[in-house]
Every structure is written in C-alpha cells, then in structure tokens.
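Here's the structure, in structure tokens; my notes come after.
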Amino acid sequence: MPDQLVVHNSLTRKKEVFKPIHEGTIGMYVCGPTVYSDVHLGNCRTFVSFDTIYRYLLHLGYSVRYVRNITDVGHLEGDADSDAEDKISKKARLEQLEPMEIVQKYMNGFHDMMRIFNTLPPNIEPRATGHIVEQIEMVQQILDNGLAYEKNGSVYFNTIKFAEQSDVYGQLSGKKLDDLMVETRDLKNQSEKNHPSDFAIWIKASPEHIMRWNSPWSVGFPGWHLECSAMSTKYLGNHFDIHGGGGDLKFPHHENEIAQNHGACNCSPANYWLHTNMLLMNGKKMSKSDGNSITPQQLFTGDSEHISKGYSPMMLRFFMLQSHYRSTLDLTDDALLAAEKGYRRLMDAHKALTAMTHPGQGSAGALDKEIQTLIAGVSSEMSDDFNCPKALAKIFELVTKVNGLKAGHLSFEEVTVETFEQIKATFQLYIFDIFGLADDAQAAGGDDGKMDGLMQLVIDMRATARTNKDWGTSDKIRDTLQALKIKLKDGKDGTEWTVE
RNA sequence: GGUUGGGUGGCCGAGCGGCUAGGCAGUGGUCUGCAAAACCUCGUACGGCGGUUCAAAUCCGCUCCCAACCUCCA
C-alpha cells in the first residue's frame, strides 16, 4: 500500500486514518434505493461515488464485502402512526399491480441504470422482504432489552430511554432530544407514541394495507429503519467497517439505525460513516414536485428544458468525478458542456497514448522527475478521502505531458522507458479501473473494424487531394464528415478521426 | 426556530495557515493550405466587517446570503 488511507468520518466530523477491523478485509454497507419509481439522478451520483470508493479499496488490495440493500417494503410516506402509506403499496394500488410487480419493475430499471453508469455490482444485494424473520428477531431483542414498547400491535423504539442510557442518540446528526421534542410538538394526529421522537420498528397493518406478515405483535410490516440494521448485522456482523449513504439519510434513517443496533446488541454498527452530498440542479435539490428535476434518460437524450443537448452516461460519470463526493454538485447545462470537452480531451489523450511507443533511448531528467511526482500524486490524492477531483487534476497535468511528447514539444530523451510505461499503466488503472470510465466514442464502433477501414480510405483520399492542393475536395470531405459528427484532426503523423 | 454544510476568478470545481489545483470559456503566440486539434503564454479570485499571526481564501468573532435536514427522499 503506497499511502495511508484517510477517510472523513461523519460520526466525528473529522478525517481519520482508516484501519479495518480485520486486517485486509473490509465490510461496507451502503443504503440502496426504495424501488417504487424510476431511479433518481441523485441516487446515481451516490452509487457512482460509492462505486469509485469500492473500486479504490479493491485496488488497495482489500478484500471487500460490499452490501447494498433494496428497500421493497416499510418505507412510508409520512409518520408511521398517522395515516401514512407504504410507498410500494401505494404505487401498487395506483398502478393496479402486485407490490412485487412494482418492486421487480423498478428494481430492473435500477439495475439497468447501474450498468449504464458502469458500476460494479455489490457482493450482496439483500431485500427487506426477504429478511422479515431477521427483522422480527431484532424487534424482539430490542423489546427484551427494554428499549422498545408495544402499543396496539405496533412496536416503537424508546428514544427517551435510550438517550438516558447513553449519549449516542443524536451524535451523527447533531440533534438534541430537546430540540426534537419542541419541533414535533404540534403533531396533528393523536399519537400512539410516548414521545414524538420515538419511531416505529414494527407497524400493525391497516385493513387496506396489502404487504403484511405475521409477527408476535400483529399482522404488520417492519419499520423502514429496521431493515438496514437487520441486514447489515446478518451479512457483516454486529460491528463492521464502513456504512455509507446519501447525506439526506443522516437523520432520521441513520441515526435511528444506530439506535436500533445499540438497542439490539448494545454495539455501534460501523466504525466509519461516509455520506455523499446532494446533486443539485440550478442551485436547488432536484425535486419532482416543483419541476426542478431531470431523469437520467432525459439527460441521455437531451429531452428536457434544462439542457441544450444529450450527454453520454460516461461523460456524466466524469462530470460527477470532477467534484468531491462530500460536496454538493450543481448540474447546469454550462457545467455539462464544459465537462464534456474535458472528458473528450482526457479520452483523446488516452487514445493517443495507447498508440505511442517510446523510441527506447531516454534518461531520467527533470521532465522524468516531474512526471514521477505527478504519478505518485494521483494515488496520494485518492488516499486522502477519495479525492477524485484532485486525482483527476493530476491526470490532466499528465495529459499535457503526453500531448507534448506526441506533438514533439517534449522529448522522449528526458523520459525513461519505465516512466513512460508507468504513465500508460496509471491512465489505464485510474481512468478505467478506478474511476470506472469508458470511452463511449470508441465503444460506438463495434463493427469489426469496418468503420476504421472505411475512415482510413476516406482519410487517404483526402490526403491525396491535399497533396495535390485540391482544397475543394479535401474541405468537402472534412465538412461532410463534420456534418455527420465525425471530426478530423490533422496531426504531425497523419490524420485522426473521432466521433463526437 | 433548531441541526448540518456552504459562499473561491465569466462558468463548474479543488484547496482549508506560507508552496501553479484542474476542466471549460477568454488573451497573445507556435504549428497547419485554411480550420480544428495540440503545444506555449497571459489575465481575472477567495460574501462583508473586524481580530489573531512575520504570514490568512484557509484560524477566531460578528454580520449578510445560500442549501440540505428536522415529514418521504441518495
């Protein structure tokens, strides 16, 4: 391992040296989506961020068990003891489908999108409905430990008692129980809960509620926060390394999750809590209700009032990588346009680099040293809380060196063969294996090189015309190709082409 | 109202006590039949007011804005 890995822990609000519980292995749990509608673009940013983190941990040589759940029950709209409805149940009722049809439909869509964004699948992707038994057991444990109480078939977590026993509750979100008491005092519905900050861990199903299971307390369903506690415990143990999720889950979801784990086994679930920040659009959080929203599909096709054209998935992944996962990222058309050019510059440089070979003679001069420093910088930035934007900046500085060597402004004599090979290896490793990008202009081919052959013919014909100073013909070829979104670049050693 | 995190050049976005972030756009140049690309070059900056320090975008105080969370949200 070249550098010491440092991560920002939301629990302590500080950067800490990362030490796994068991040498060489990491357990990581990330809260997945509730599959009641199409994937939200913000989801994509979160999962792309954790995918990059996962890829980097693998690169560092850790054996990682990455668990990301699918919420297919228990996620309510509104407060549990009022007239709230389960998101999946509601959608099933509206679309007149079985709840599991809803789940399957949107889960498939979610998986498709994860594939489109080139994320690695998690090792385990557990579903809440598949772990009702574990959740019931956990409710019982919390009851046995005296930190929950039953009311009319529903079971609530006793936050007041938990807060009296330790100062854990509120640590993650910075909230104090006193504040919670004040702000929720004006509850309209007559509450079953002893205290407004208490939350349901088992909910008795109303007659019209279709998703329901038997339990010692009632025919009902588990509370939303419970599934993550039960499933992370099942697959990663009582105490594991990393828990991640979107920043908007800190409260109440993650705070309550921590409370449940303490309630069940008196232990803290994870050592390090990592939270990704929101993806904004035009300065505001995306929201379907006020129209400030765009779907991944719309972004690909360009079919939205918010953007001037479509953008490729890989370019969007690049766009996300240009900001730190803990910062908000503002999606605007201008920013996307700028990122697209940067993405092409990176991919073109990589393509050029692949085709280049070192002439064989080279000594370690100042340029060699500079390149070595940049290469070392890439991994040290990544080890500093997965600083992708900074690592990417170093790679762009390498791009300048690569282009300089290609154009002949920089000399291979000042770079050793080993160093040159290291640039190639660094590009391959970071751009593709760790950042998870792909060159979608390249991928567009897929025709057994027919396109390459055809283009070479056209380029040769244009070269002949140019030699004969037949500018009319050569410009016609270039302009016609341009109209077909094929761009020609005349360089020192001939002409290259790219698809825009 | 409470909590958490922000306000950086035309735009996006790093940095978080002294050391060029980077991308896009802009300037001037090199190369090229022209253009594009590439390379070299040059600007413009840290919300405001105080304070600490030899030194502050970075620390402290006050103040003004913004966002997220506190109800479902990645």
Side-chain angles (χ1 to χ4, degrees), chain A residues 10 13 30-34 36-37 39-50 75-79 82 84-85 87 90 170 172-176 178-180 182-184 187 197 224 244-253 255 275-280 283-288 318-319 322-324 326-346 348-349 352 377 381 387-397 399-400 402-410 466 469-471 474-475 478-479 482 487-492 495-496 498:
Chain A
S10 305
R13 298 184 182 84
V30 174
C31 288
T34 301
Y36 71 104
S37 70
V39 226
H40 186 96
L41 193 64
N43 275 274
C44 297
R45 145 113 127 150
T46 293
F47 300 132
V48 163
S49 294
F50 281 106
H75 204 157
L76 300 181
E77 299 192 317
D79 210 24
S82 57
E85 189 169 7
K87 287 189 171 198
K90 182 181 177 185
L172 181 69
S173 58
K175 289 186 182 301
K176 295 175 199 73
D178 297 346
D179 303 329
L180 290 168
V182 173
E183 69 208 22
T184 35
L187 259 185
S197 67
W224 172 41
D248 50 356
L249 293 183
K250 267 191 198 173
F251 190 88
H253 186 57
E255 195 73 76
H275 288 97
T276 58
N277 217 135
M278 299 297 102
L279 179 63
L280 309 178
K284 291 244 165 96
K285 186 176 177 178
M286 288 195 193
S287 149
K288 282 179 196 165
F318 172 83
F319 171 70
Q322 272 191 310
S323 72
H324 191 95
R326 280 192 291 111
S327 302
T328 53
L329 172 59
D330 196 5
L331 186 124
T332 60
D333 197 48
D334 283 346
L336 290 173
L337 249 14
E340 186 170 54
K341 295 208 175 171
Y343 167 72
R344 279 281 23 118
R345 178 172 152 85
L346 179 66
D348 288 347
E381 293 302 348
N387 197 330
C388 292
K390 206 122 193 249
L392 208 47
K394 300 279 182 197
I395 289 183
F396 269 104
E397 290 187 62
V399 164
T400 303
V402 168
N403 286 335
L405 285 168
K406 189 191 169 206
H409 291 97
L410 297 175
R466 291 179 73 202
K469 298 198 191 298
D470 179 3
W471 310 130
S474 70
D475 287 356
R478 186 174 66 197
D479 296 345
Q482 177 72 50
K487 200 177 208 170
L488 295 183
K489 289 179 191 170
D490 296 328
K492 279 256 185 304
T495 302
E496 293 171 5
T498 49

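All heavy atoms count here, side chains included; hydrogens, waters and symmetry mates do not.
Within the nucleic acid shown, A:Leu392 has no heavy atom closer than 4.0 Å to any nucleic acid atom. At the heavy-atom level, A:Gly283 lies under 4.0 Å from the strands shown only through sugar-phosphate atoms. Residue-level contact check: A:Gly42 touches the bases, meaning some heavy atom is under 4.0 Å from a base atom. Residue contacts shown for A:Ala335 are limited to sugar-phosphate atoms, with no base heavy atom under 4.0 Å away.
With respect to A:Arg478 and A:Asp475, a salt bridge is recorded, a charged nitrogen being found less than 4.0 Å from a carboxylate O.
Separating the CE atom of A:Met286 from the C1' atom of B:A67 is a distance of 14 Å, rounded to the nearest angstrom.
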Problem set entry | Sequence-aligned protein contact record of nucleotides 28-41 of chain B, with B where the base is within under 4.0 Å of a protein heavy atom and S where only the sugar-phosphate is | ---S-BBBBSSSS-
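In terms of position along RNA chain B, the nucleotide closest to A:Ala338 lies nearer the 5' end than the nucleotide closest to the other residue of the pair A:Ala338 and A:Gly246. Residue A:Ser173 is the one, among A:Ser173 and A:Asp248, whose nearest nucleotide of RNA chain B lies closer to the 5' end (criterion: closest heavy atom).
Evaluation of the salt bridge (Lys or Arg N to Asp or Glu O under 4.0 Å) rule for A:Glu397 yields no partner, not counting sequence neighbours. In terms of the ring pair (Phe, Tyr, Trp, His ring centres under 6.0 Å) criterion, residue partners of A:Phe318 (sequence neighbours excluded) are, by chain and number, A:Tyr343.
Its glycosidic angle being within 90° of 0, B:G43 falls on the syn side.
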Under 3.5 Å, N/O pairs linking protein and nucleotides 13-16 of chain B:
from: B:G13; atom 1: OP1; to: A:Asp330; atom 2: N; distance (Å): 2.8
from: B:G13; atom 1: O2'; to: A:Gln322; atom 2: O; distance (Å): 3.2
from: B:A14; atom 1: OP1; to: A:His324; atom 2: N; distance (Å): 2.6
from: B:A14; atom 1: OP1; to: A:Ser327; atom 2: OG; distance (Å): 3.0
from: B:G15; atom 1: OP1; to: A:Asn387; atom 2: ND2; distance (Å): 3.2

Short heteroatom pairs, N/O only, protein and nucleotides 56-58 of chain B, under 3.5 Å:
none

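Rounding to the nearest 0.5 Å places CE of A:Met286 at 6.0 Å from NE2 of A:His40.
Residue A:Lys285 has no polar side-chain atom (N or O) positioned under 4.0 Å from OP1 or OP2 of B:A68.
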Problem set entry | Under the 3.5 Å Watson-Crick or G-U criterion, the dot-bracket string of RNA chain B, with | for inter-strand pairs | ((((((((.[[[..)..(...]]].(.(((.......))).)....[[[[[..)....]]]]])))))))....
